[in-house]
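Lettering of chains follows the sequences in order, A, B, ..., and the numbering in each one begins at 1.
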There are 2 protein chains.
Amino acid sequence: MATIYDVARIAGVSPKTVSRVLNGDAPVGKATREAVESAISQLDYVPSNAARMMRSQRSGLIGLITGAISMSPEPTQPAGLPELFIVQGIQKSLANSGMTMMIADTGGVVEKAAPLIDTFLRHRVEGLIYVAEYHQKVALPVISDGTPMILANCFDDRGTPAILPDDWRGQHDLVARLITAGHRRIGYLTLRPEIAAGPLRLDGYRAALLAGGITYDAALVANCDLEGRDGETQLLWEAIDRMLRLSSPPTVFCCGNDKMALRVYGILRSMGRKVPTEVSVAGYDNYRVIAETLYPPLTTVDLPYTAMGVRAAQRLMAMISGEIREEKGPTLVAGPVYWRDSVTELRPANVSLLKSVREE
Amino acid sequence: MATIYDVARIAGVSPKTVSRVLNGDAPVGKATREAVESAISQLDYVPSNAARMMRSQRSGLIGLITGAISMSPEPTQPAGLPELFIVQGIQKSLANSGMTMMIADTGGVVEKAAPLIDTFLRHRVEGLIYVAEYHQKVALPVISDGTPMILANCFDDRGTPAILPDDWRGQHDLVARLITAGHRRIGYLTLRPEIAAGPLRLDGYRAALLAGGITYDAALVANCDLEGRDGETQLLWEAIDRMLRLSSPPTVFCCGNDKMALRVYGILRSMGRKVPTEVSVAGYDNYRVIAETLYPPLTTVDLPYTAMGVRAAQRLMAMISGEIREEKGPTLVAGPVYWRDSVTELRPANVSLLKSVREE
DNA sequence: CGGTGTCATGTCATCGGTGTCATAAGAGAA
DNA sequence: TTCTCTTATGACACCGATGACATGACACCG
C-alpha cells in the first residue's frame, strides 16, 4: 500500500506538502497541488488513519455497545429493532461530525461489555454509547480513564448521562386523547412491573385519568405480561373476559405494547367483538410492522427511538468537545400519539387542544 | 493516557519487555512479568491499537456496510431486522477470530457507499462486507487495492463473492411439504417479479408441483405486491376472492412473505373463512414477530439470516487468510420450513421423508 | 532601498508500539 | 573447566503521518 512518501516522491515534493494538500491546513500552490493530486490518484493512495491518529491523538471514533444485535440464547423476542432505530439516529448525527462508529455486541451477556469497552479504549475511541434493547437499569464497568460515556434507553445508579423514553408522558398523552374522544371506562392491560416502563406508564395512565376527572378503577387494570410468554394469551383472554362482564365495561383497552395489542385483536375477534365498533384498542411502541399492518391500523404511542439516538449522539458530542460540564442524569424524550382507526371517537374530539397528538 | 514507556519505567524494565508480557511472544521471567502486570494495572494502561497497527501492518478490523440501519427517506418498511440478523451472524463468527467490526451505513443511498469504503480503507480494514436488506442486485464501486470483499444478501455482475438465501429451495420445500400434507390446489400470492426473490420462489413452487405430479394452474397464481403499498390489501382481497370462487378453489394460500400473510389472515377473517379449518395459509421469511404472534401461528419458511451472516464471515476470513484462492460467485444458504398451525394436514404426513422440514 | 509580512515549501522530531539483532546470565555437554 | 545453547532482557530503528519551526521568494510599505 502506497504511503505519503511514495506520493511525495512521484509528485516531486516533500511529504509534508502532500499532507497539506490532504488536510488543507496551509496554502499550497496550484501547480504543486495538481501534481500531488495526480500522484495520489495514480498510486491509489489512501492515507493511514493509524499513523495520523498517533500524531494527532484524535481517533475520530465513537464506540457503540449494544446488547441486542445478537440476542439472548432464546431469540423469541422481536427485540433488536428498537435498538436499530436508536443506532440509526446516532449514526445520522455522528455522520455530520465526521466521526466513524465502531459497533460491538454483548450478545445479551452483560459480562461481555468489559472486554468490548477495553477493545474500544485500545482504539482510543473519543466517546462510548451503550444502547439497551428496552428501557431498563444497567450496571456497566466503570471507565477508569476519562472517556465520556452515555447510556441510551437505559440508566444506572451512578448517574451516568442517559437518554430515556418518557413513558409517563406517552401513556398520559394517549389516555388524555382517549378521554377527549369520549372514552371514560379505559381498561389497561399492563406490562409486568419489573420492567422499567411498566410503573411509569401506569402512573401516566392514572395521572391522565385524574386530570380528566375520572376515578381510577382497579378492576380495569390487569397485568397480562409474563416473564415466560407461554401463558400470556390465556392471561389476556381471562382479563378481557372479566372486564367485559363488568356492569360498566371498558370501551377501550390500552395494551402494554403493540405486540400485546396484536394478541388482543385476535382474542376480541375470537370473542366475536368487532374492533373498533364494539370495543377500541390502543397499543404502545408504534411498532410499525404491527401497528400499520393490522386491520384496523392501531392507535399507539410512538417510542421515539430515532430521536433518542440523535439526542444521545448530540449529548455525547457535547461532552467530547468539552463545551459543557455536563450535568448528570437522564434526558427524557417524549414521542407523539399516533391516532389510527382502532379507537372510536365516541364524541367529536377537539384535536387542536392536544399539541403532541399526531393524526394520520 | 499512559504509554508502554510509563509502564516500563514503573516496572523497571524496557518497553520491549512490557510488549512481550502483553503479547506473550517470548518468554518473560516470573518476577519481571509480575512487576509489569502490577505497573499496568497501577497505571490503567491500555495499549494503543494505532501504534501497534503501524508496526505490525495488521488492523484486526473488518468493515461492514449496510444499507438499512438508517432506511430510505420513507421508513415505512419494517426492514432492517433481516440485516440485523445477518450482522448478528457475522459478529458471532468474527468475535472468535479476534476481529473488531466497524459498521457504517449508507442510509439507503448507494452513492454513499464509496466514501464509506474509503473511510474503511483509511482504517486499513482487512476485509469488507456489504449487507443488503433484501435479496437484490447491487453495483458497488470497485476496490482498487486488494482488500477482500464479500456481499451478503445481494450480488453483482462482477462475480464478487456473495452469500444468498436459497429462495428456490425454500419455496420448493414448503410446497413439497404442503403436498405431503395432502394439499393439491395451492394458491400462490406472489411478490412482484422485480424483486430477486420473486421469480426464484415462483420457480421453486412450480418445481415442487411438478415433482408432486400436480399441474401448474395459472389461475392459482397472482401478483399481489405493489411498489407503493397502498393498493395491496385490495389487490389481495380481489385475488383471494377470485380464487375462492373457482370451481376447484385452493385449500391453502402461499403468501409472498409473512407480512402479506398477516394481511391475508385479516382478509380471510373478514370474509368469514376460518384459518386453518376452512383454508390454510403459509408465509415466507419466518418473521417471528408475525409468524409466532399470529393466531394460529404461521407456517412459513425461515430466511436463514444468521446462518448467512456466519457463512459470510467465514468466507471472508478464508479470503483474508489467503488459504483459498476463492472461486467467485454466490453461496446459497437454505432455511428450513417452520410447520405451524396455520396449515391443515389433509392427510397424515410422513414427516420423516422430509429432511429439511422443522416441526415446532 | 531596507524592513516587514505573507506565501509556499522543506527539515526534523515525534506519536507508541514492535521487529531485529545483540548481549548477559546461567544450564548442560564435552 | 571451557564451550555451546537456551533463556531473559535490552538497544535501536522503523511503521506513516503531522506539529513545530525554519527558510526562501516576493510584495508592499514608507
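- Salt bridge status for Asp157(A) with Lys137(A): present, with a side-chain N to carboxylate O gap under 4.0 Å.
- Put simply, the side chain of Arg124(A) gets close to the backbone of Leu121(A): a donor and an acceptor are under 3.5 Å apart.
- Within the structure, every side-chain polar atom (N or O) of Gln57(A) is placed at least 4.0 Å from both OP1 and OP2 of dG19(D).
- Of the residues in residues 4-29 of chain A, those placing a heavy atom less than 4.0 Å from an atom of DNA chain D are Ile4(A), Tyr5(A), Lys16(A), Ser19(A), Asn23(A), Asp25(A), in numerical order.
- For Thr119(B) (side chain) and Pro115(B) (main-chain N/O), a donor-acceptor pair under 3.5 Å exists by modelled atom type.
- The separation between Asn49(B) atom CG and dC15(C) atom C1' is 15 Å, rounded to whole Å.
- Distance CE (Met53(A)) to P (dC15(D)): 19 Å, rounded to an integer number of Å.
- Not one N or O on the side chain of Glu126(A) forms a donor-acceptor pair closer than 3.5 Å with the backbone of Thr147(A).
- The aromatic rings of His135(B) and Phe155(B) stand perpendicular to each other, their planes meeting at an angle above 60°, with 30° marking the opposite boundary.
- Here the side chains of Ile150(A) and Tyr130(A) are not in contact, with every heavy-atom distance at 4.5 Å or above.
- Side-chain atoms of Arg55(A) come within donor-acceptor range of the base of dT14(C), with a qualifying N/O pair under 3.5 Å.
- Look at CZ on Arg52(B): it is 14 Å from C1' on dG19(C), rounded to the nearest Å.
- Distances shown here put every side-chain N or O of Ser56(A) at or beyond 4.0 Å from the OP1 or OP2 atom of dC15(C).
- Atom CZ of Arg58(B) is separated from atom P of dC15(D) by 19 Å (rounded to the nearest Å).
- Between the side chains of Arg315(A) and Thr331(A), a donor-acceptor pair is found at a separation under 3.5 Å.
- Ser321(B) places a side-chain N or O within 3.5 Å of a backbone atom of Met317(B) that can act as its donor or acceptor partner.
- Backbone-only engagement by Thr3(B) is indicated by non-hydrogen atom pairs under 4.0 Å involving sugar-phosphate atoms exclusively.
- The distance from atom CG of Leu43(B) to atom C1' of dG17(C) is 16 Å, rounded to the nearest whole Å.
- For the helix from dC1(C)-dG30(D) to dA30(C)-dT1(D), the angle separating the two terminal helix axes comes to 40°, with each axis derived from five pairs and the value rounded to 10°.
- Between Ile40(B) and Leu22(B) the shortest side-chain heavy-atom distance falls below 4.5 Å.
- Distance Met54(A) CE to dC15(D) C1': 8 Å, rounded to the nearest Å.
- The NZ atom of Lys30(B) sits 13 Å away from the P atom of dT9(D) (whole-angstrom rounding).
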